[in-house]
Amino acid sequence: MCSAPSDRGQLSYQRGPSEPPLVEWTVGQSLDRTASQHSDAPALIVRHQNKRFTYAQFRAEVELVARGFLSLGIKKGDRVGVWATNIHEWVVTQFATAKIGAIQVNINPSYRTRELEYALRQSECQTLILIRGFRDADYVAMLNELCPELRAAEPRKLRSQNFPHLRNVIFAGDETPPGMLSWEWLRAAGHRVDEAVLRMCENELRPHDPINIQYTSGTTGFPKAVVLTHHNLVNNANLMGGVMRITPQDRICIPVPFYHCFGMVIGNALCVVRGATMVIPATHFDPISTLRAVAEERCTALYGVPTMFLAELEHPEFSHFDLTSLRTGVMAGANCPIELMKRVVGEMHCTELTIAYGLTETSPAVSQTTPE
């Protein structure tokens, strides 16, 4: 039903279909539900890090890191930035921040110094998790340039003139740089926080609480910050998974980046809400790694923008891989040519491939084709 605004300036309100109903879960509750129902099922496979978690193991790891965050004084509403490619620490952080109500700030791995500075300041980021770098970008050097106090700072006691809110920098990788805490330190700290403290934090969370800040490119100036809630992420993931008929028997290959809604929501959150397996082929898109992951892990769904699917189809070794396990997936992010769709359906066996359209502001999908 839709009512037109009156002369008194009332807001119009539109309500869509009520079936299937929206769910009122937090991100953490969606993980708890799946882990309790499918504890021994595979949850996360990160091939380039040789990491494999069942849902019981994944939930335990998420809660350990969540307790590690609590040991740092991170609480509901605090911002935790993640500046990294597709690694298991990114996925764990996504759900660990949600467990305590902290707001994860997605930082594009391709950001340069000026963009990083803007995102950290604009989001009032209090904790930053980062890797060594990506391609020709040295993240550690870039951060030290913006925050010269970091090198001499005691871990947990950072005071920065440029970033007055930033207190903790956590390094995901080997040989932790000066002034930073290691990912292993964070996990160890989690053991020192009682599980009951985490449960108290979870009891304070509500589905409409903000949980995520993503930056989306504008036509001018700096990227625009978009705030999303548990309700946004869980329901978009659940509804898209329903269209694709995703069940705990599905394994979804996710070569798209986590920092965007495609990877984080349609990928990670959808798998957790529907009980499917997240299969991560590489740190960033690589056609041969994607094809190998689909074949060796017997993936039933594949994601990508049109150029990714084309790169896979045109790869010289494409015919060497058995892709007959594929059934469905999502092509999105740009116009999807009909001839490319036909090739993916025919040559990659994605007979139920869907096309989605959306915006970061809508978390992300607005519309999606059915498998038919």
Side-chain angles (χ1 to χ4, degrees), residues 46 48-49 65 68-75 78-94 96-97 102-190 212-217 221-225 257-260 263-264 282-284:
V46 186
H48 57 280
Q49 292 180 297
V65 170
F69 287 145
L70 291 174
S71 77
L72 289 172
I74 298 171
K75 59 186 182 302
D78 286 350
R79 280 71 157 176
V80 177
V82 184
W83 195 23
T85 50
N86 289 12
I87 55 176
H88 88 275
E89 293 92 340
W90 208 112
V91 189
V92 171
T93 298
Q94 175 181 343
T97 50
I103 299 174
Q104 179 177 312
V105 180
N106 298 6
I107 301 177
N108 189 329
S110 297
Y111 273 1
R112 296 299 175 171
T113 306
R114 181 167 170 263
E115 296 160 314
L116 172 66
E117 180 179 20
Y118 174 79
L120 291 177
R121 281 183 175 173
Q122 201 273 344
S123 66
E124 299 181 350
C125 207
Q126 289 129 328
T127 298
L128 176 64
I129 300 169
L130 78 163
I131 58 173
R132 180 72 60 182
F134 176 54
R135 291 180 174 154
D136 64 340
D138 184 332
Y139 291 0
V140 175
M142 292 164 69
L143 184 60
N144 281 327
E145 178 185 339
L146 292 172
C147 183
E149 302 93 342
L150 180 60
R151 287 191 185 92
E154 273 188 66
R156 306 176 63 184
K157 295 183 179 180
L158 175 62
R159 295 295 182 271
S160 169
Q161 183 175 349
N162 287 337
F163 307 110
H165 296 90
L166 188 62
R167 291 291 179 268
N168 309 298
V169 179
I170 300 169
F171 186 74
D174 299 327
E175 298 180 12
T176 304
M180 302 184 191
L181 299 167
S182 70
W183 180 262
E184 288 308 313
W185 182 96
L186 180 67
R187 295 181 74 255
N212 183 221
I213 294 176
Q214 300 196 24
Y215 286 90
T216 183
S217 298
F222 285 101
K224 311 303 186 292
F258 291 158
Y259 78 89
H260 188 266
M264 177 184 179
T283 58
H284 59 286

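Please read these numbers as outputs of a predicted model, since none were measured by experiment.
Between R112 and E115, none of the side-chain N atoms (NZ, or NE/NH1/NH2) sits under 4.0 Å from a carboxylate O, so this pair counts as no salt bridge.
The shortest distance between side-chain heavy atoms of I107 and L128 falls below 4.5 Å. Using a 4.5 Å cut-off on side-chain heavy atoms (C-beta onward), N212 and M264 make contact. Residues D78 and T127 have side chains not in contact (no heavy-atom distance under 4.5 Å, counting atoms from C-beta outward). Side-chain contact between V140 and F171 is present, with at least one heavy-atom pair separated by less than 4.5 Å. Residues W90 and V46 fail the side-chain proximity criterion, which asks for heavy atoms closer than 4.5 Å. Put simply, the side chain of L186 reaches to within 4.5 Å of the side chain of L72, judged on heavy atoms. Looking at heavy atoms from C-beta onward, H165 lies out of side-chain contact with R79 at the 4.5 angstrom threshold. Between R167 and K157, every side-chain heavy-atom pair lies at or beyond the 4.5 Å cut-off.
Nearest heavy atom pair, residue P178 against residue R151, reads CB-O, 3.5 Å. Shown here for T97 and F69, the closest heavy-atom pair between the two residues is CG2-CE1, 3.9 Å. Scanning both residues, F134 and P109, for their nearest heavy atoms gives CD2-O, 3.8 Å. The nearest pair of heavy atoms linking L158 to A153 is CD1-CB, 3.9 Å. N168 and R156 get closest at one heavy-atom pair: OD1-CA, 3.5 Å. Contact between R121 and N162 at its shortest, heavy atoms only, is NE-O, 3.1 Å.
Evaluation of the side chain to side chain donor-acceptor pair (under 3.5 Å) rule for H260 yields no partner, not counting sequence neighbours. Contacts of R132 classified as salt bridge (charged side-chain N to carboxylate O under 4.0 Å, His left out), with partners at least two apart in sequence or in another chain: none.
Interatomic distance, CG of L166 versus CG of L143, reported as 7.0 Å (0.5 Å rounding). Atom CD of residue E89 and atom CD1 of residue I170 lie 11.0 Å apart, to the nearest 0.5 angstrom. If you take OG1 on T176 and CD on E184, they are separated by 9.0 Å, rounding to the nearest 0.5 Å. With rounding to the nearest 0.5 angstrom, the CD atom of E149 is 10.0 Å from the CG atom of N144. Note that the SG atom of C147 and the CG atom of L120 stand 9.0 Å from one another [nearest 0.5 Å]. Here the CD1 atom belonging to I74 is positioned 12.5 Å from the CD1 atom belonging to I103, to the nearest 0.5 angstrom.
Judged purely by atom type and a 3.5 angstrom limit, D138 has no side-chain atom pairing as donor or acceptor with the backbone of G133. When atom types are taken as modelled, the side chain of N106 and the backbone of Y259 share a donor-acceptor pair closer than 3.5 angstrom. A donor-acceptor contact shorter than 3.5 Å links the side chain of Q49 to the backbone of H88. Distance alone, capped at 3.5 Å, places no donor-acceptor pair between the Q104 side chain and the V82 backbone.
More than 12 heavy atoms of other residues, nucleotides or ligands shown are found within 6.0 angstrom of CZ on R159.
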Report task. In sequence, state the C-alpha distance, the side-chain angles, and the governing distance for R187 and V65, and then conclude on side-chain contact (heavy atoms from CB on, under 4.5 Å). Result -> CA-CA 5 Å; R187 295 181 74 255; V65 170; 4.2 Å; yes

Query raised in the report: Is there a side-chain contact (heavy atoms from CB on, under 4.5 Å) between W183 and T93 once you walk through the steps?
Result: CA-CA 11 Å; W183 180 262; T93 298; 3.4 Å; yes

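Ring centers of W83 and Y139: under 6.0 Å apart, within the cut-off.
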